[in-house]
Amino acid sequence: MNRLGVLISGRGSNLQALIDAIRNAELNAEIAVVISNEPEASGLTRGQSAGIETLCINHRDYSPRERHDQAVVRALQERRVGLVCLAGYMRLVGKPLLDAFPNAILNIHPSLLPSFPGTDAQRQALDHGVKVSGVTVHIVTGELDGGPIVLQRTVPVMPGDSPDSLAARILIEEHQAYPAAVRIMLAGRWKIEGRRFVNA
Ligand code: GRF
């Protein structure tokens with residue numbers, strides 16, 4: 001399982017956190033491939049700079065959308081990836097990926113789920129007026145941002161926060177949380193009970 005495939009769409013700061021954690025021996029894993037659906041994603045450069053194979057599998061080149069998922073699955077399987085990490089991957093994960101990697105796809109989300117799923121989680125949190133938000137790493141299922149929760153960390157909401165200032169504070173916590181959650185997954189002492197991720 002410790003061969004990772006990281007899927008991105010943008011700047012890839014969480015990808016960088018995984019690269020750094022591996023480099024610092026805080027995470028015993030190898031990133032086998034970085035895949036972006038967006039050709040211009042700056043995260044691709046982070047992968048290349050770290051000497052990792054990077055691929056762009058542009059969703060615009062595939063129709064219907066399952067074909068795109070199938071191409072991603074093929075690329076991951078060819079590289080013997082055991083755990084898929086979504087890191088700012090702005091695509092819904094379809095059945096081909098879910099079937100190929102059961103309980104082996106992680107996502108990181110900038111809120112304490114189940115509060116504020118979907119896009120713009122930080123703005124949703126501010127609009128709601130919560131005093132505490134945070135970060136969630138969860139297993140990806142067919143339910144958007146709804147799979148078993150591996151790890152959560154809290155982040156206080158400050159008076160005067162904007163979506164950007166809250167996002168920046170949450171991001172610092174994300175960069176700690178993602179490698180920690182991957183470590184938990186790779187350690188393997190866990191099971192899924194209903195919708196719960198339980199340490200065994
Ligand atoms: C992060 O806030 C993550 O929680 C969300 O998308 C953002 C990606 O940031 N899923 P980055 O591309 O990893 O910098």
Side-chain angles (χ1 to χ4, degrees), residues 4-23 26-27 29 31 33-50 52 54-59 72 83-94 97-98 101 105-127 130 132-158 161-182 184-185:
L4 310 181
V6 183
L7 306 192
I8 64 169
S9 300
R11 71 191 159 181
S13 72
N14 281 289
L15 162 66
Q16 189 68 54
L18 293 172
I19 292 171
D20 293 346
I22 292 168
R23 204 173 266 158
E26 290 159 18
L27 183 58
I31 300 178
V33 66
V34 173
I35 302 175
S36 173
N37 65 302
E38 289 289 354
E40 301 301 329
S42 54
L44 285 170
T45 316
R46 296 181 192 265
Q48 284 152 9
S49 307
I52 300 166
T54 60
L55 299 175
C56 174
I57 304 182
N58 189 333
H59 59 279
V72 172
L83 181 66
V84 181
C85 299
L86 310 186
Y89 185 60
M90 301 303 285
R91 301 281 300 165
L92 286 176
V93 170
L97 251 169
L98 292 170
F101 293 93
I105 307 176
L106 284 182
N107 182 41
I108 186 157
H109 184 79
S111 76
L112 293 176
L113 292 170
S115 291
F116 317 130
T119 54
D120 237 354
Q122 301 91 342
R123 181 180 298 279
Q124 292 184 56
L126 290 176
D127 287 349
V130 294
V132 177
S133 188
V135 50
T136 303
V137 181
H138 66 93
I139 292 181
V140 175
T141 62
E143 187 189 344
L144 176 68
D145 295 330
I149 292 170
V150 177
L151 182 151
Q152 289 185 306
R153 301 238 173 121
T154 58
V155 174
V157 177
M158 301 297 196
D161 253 340
S162 65
D164 282 350
S165 66
L166 179 58
R169 204 172 319 108
I170 292 175
L171 201 59
I172 294 169
E173 206 57 51
E174 289 187 34
H175 296 163
Q176 304 297 318
Y178 216 178
V182 172
I184 292 170
M185 290 297 288

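As the structure lists them, so they are numbered: ligands from 1, and atoms in each ligand from 1.
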Protein residue, atom and distance nearest to atom 8 (C) of ligand 1, heavy-atom basis: Gly88 CA, 3.5 Å
side-chain contact (heavy atoms from CB on, under 4.5 Å) evaluation trace for Asn107 with Val137: CA-CA 6 Å; Asn107 182 41; Val137 181; over 6 Å; no
Nitrogen or oxygen of Gly12 less than 3.5 angstrom from that of ligand 1: yes
Atom 9 (O) of ligand 1 [closest protein heavy-atom partner, distance rounded to 0.1 Å]: Arg11 NH2, 3.2 Å
Contact summary for Ala17 and Pro179, nearest pair of heavy atoms: O-CG, 3.8 Å
Heavy-atom closest contact (His59 atom, Glu38 atom, distance): CE1-OE2, 3.8 Å
Nearest heavy-atom neighbours spanning Leu83 and Ile105: CD1-N, 4.4 Å
For Ile8 against Tyr89, the heavy-atom pair lying closest together: O-CD1, 3.5 Å
Nearest option to atom 10 (N) of ligand 1, as decided by whichever heavy atom of Val6, Asn14, Ile108 sits closest: Ile108
Polar proximity ligand 1 side, Asn107 side, N/O cut 3.5 Å exclusive: no
Check: Glu174 N/O within less than 3.5 Å of ligand 1 N/O: yes
